[in-house]
Amino acid sequence: MFSFEVRTGHGSKRLLIEFEAIPTDEFKPHWENVLLILEAELVSTEDVWQNDEYICRYSSPTGKFFLTVTNGDLPFIMADDFEQENDDNSVILAIAEALAKSDQFSRISTAEK
């Protein structure tokens, strides 16, 4: 089972989802099952050579979001308008709920770390 945490971004009130370090080949099939729950469609994929290996942008009935995976196999999920403080956190909360419904992901709180 893989652990994730919902937390605010640095210096922001916007939520994001941070996972434990997970090898991409183990994470990907379970993430694809969550995408089915969210009815999300892949919009684009970007290869990045600095801090992130890749960024996948999605669109869903709940809203737009992206998954980024760092070079250290640390996945993060953020709303596509993460820098805009005026949007609510409903997209991230819906993703966290879908992750929690999966038997492969477990939500932890900051206090448990």
Side-chain angles (χ1 to χ4, degrees):
M1 185 171 288
F2 307 113
S3 299
F4 73 94
E5 173 186 15
V6 177
R7 66 173 180 83
T8 57
H10 181 71
S12 173
K13 295 178 184 174
R14 303 283 295 132
L15 295 176
L16 61 85
I17 297 173
E18 176 183 2
F19 294 87
E20 64 182 325
I22 306 170
T24 303
D25 59 335
E26 291 179 34
F27 175 76
K28 200 169 188 175
H30 303 297
W31 172 241
E32 288 173 0
N33 289 336
V34 172
L35 291 173
L36 290 173
I37 294 169
L38 294 168
E39 299 178 28
E41 294 182 18
L42 180 64
V43 175
S44 67
T45 302
E46 304 165 31
D47 288 323
V48 184
W49 293 0
Q50 294 177 3
N51 294 330
D52 301 311
E53 286 187 12
Y54 62 86
I55 299 171
C56 295
R57 297 188 185 282
Y58 298 93
S59 180
S60 75
T62 307
K64 295 179 181 178
F65 60 94
F66 65 92
L67 165 73
T68 180
V69 179
T70 68
N71 291 330
D73 283 334
L74 289 170
F76 289 87
I77 299 172
M78 293 173 258
D80 225 4
D81 56 357
F82 184 73
E83 297 300 324
Q84 298 178 15
E85 294 293 335
N86 61 349
D87 191 34
D88 65 19
N89 289 306
S90 62
V91 175
I92 295 301
L93 295 173
I95 296 168
E97 185 177 321
L99 287 164
K101 287 181 182 177
S102 166
D103 61 351
Q104 293 300 312
F105 295 96
S106 168
R107 185 172 178 171
I108 59 170
S109 70
T110 304
E112 294 177 42
K113 282 185 140 183

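Start at 1 with the first residue, then count along the sequence. Treat the numbers as computed from the prediction; the structure is a model and nothing was measured.
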> Below 4.5 Å, heavy atoms only, C-beta onward: do L38 and Y58 meet side chain to side chain?
Replying inline: no
>> Please determine whether residues V69 and V43 belong to a single hydrophobic cluster, defined as Ile, Leu, Val, Met, Phe, Trp and Tyr linked transitively by side-chain heavy-atom distances below 4.5 Å.
In response: no
>> So, taking the atom named CD in E97 and the one named CD1 in I95, what distance separates them when rounded to the nearest 0.5 Å?
In response: 11.5 Å
>> Please report the interatomic distance CZ(R57) to OG1(T68), rounded to the nearest 0.5 Å.
In response: 9.0 Å
> What are the two closest non-hydrogen atoms of F65 and S60, and how far apart are they?
Replying inline: CE2-OG, 3.9 Å
>> Using every non-hydrogen atom in the two residues, find where H30 and E26 come nearest and quote the distance to one decimal.
In response: CD2-O, 3.0 Å
> Among I17, V91, V34, which one satisfies side-chain contact (heavy atoms from CB on, under 4.5 Å) with I77?
Replying inline: I17
> Partners of S106 by side-chain contact (heavy atoms from CB on, under 4.5 Å), sequence neighbours excluded?
Replying inline: M1
>> So R7 and L16, do their side chains get closer than 4.5 Å, heavy atoms only?
In response: yes
> CZ of F76 to CD of E18: how many Å apart, nearest 0.5 Å?
Replying inline: 4.0 Å
>> Restricting to side-chain contact (heavy atoms from CB on, under 4.5 Å), what partner residues turn up for E20, sequence neighbours left out?
In response: F2, S3, I22
> Is F27 reachable from L42 through a run of hydrophobic residues whose side-chain heavy atoms are each under 4.5 Å from the next?
Replying inline: yes
>> A side-chain contact here means heavy atoms from C-beta on lying under 4.5 Å apart; do F4 and R107 qualify?
In response: yes
>> Give me the atom names and distance for the closest heavy-atom approach of A96 to V6.
In response: CB-CG2, 3.6 Å
> Within a strict 4.5 Å, meaning less than it, do heavy atoms of the R14 and M78 side chains meet?
Replying inline: no
> According to the side chain to side chain donor-acceptor pair (under 3.5 Å) rule, which pairs have a member within residues 32-41, sequence neighbours left out?
Replying inline: none
> Measuring from N89:CG to L15:CG, what's the distance to the nearest 0.5 Å?
Replying inline: 3.5 Å
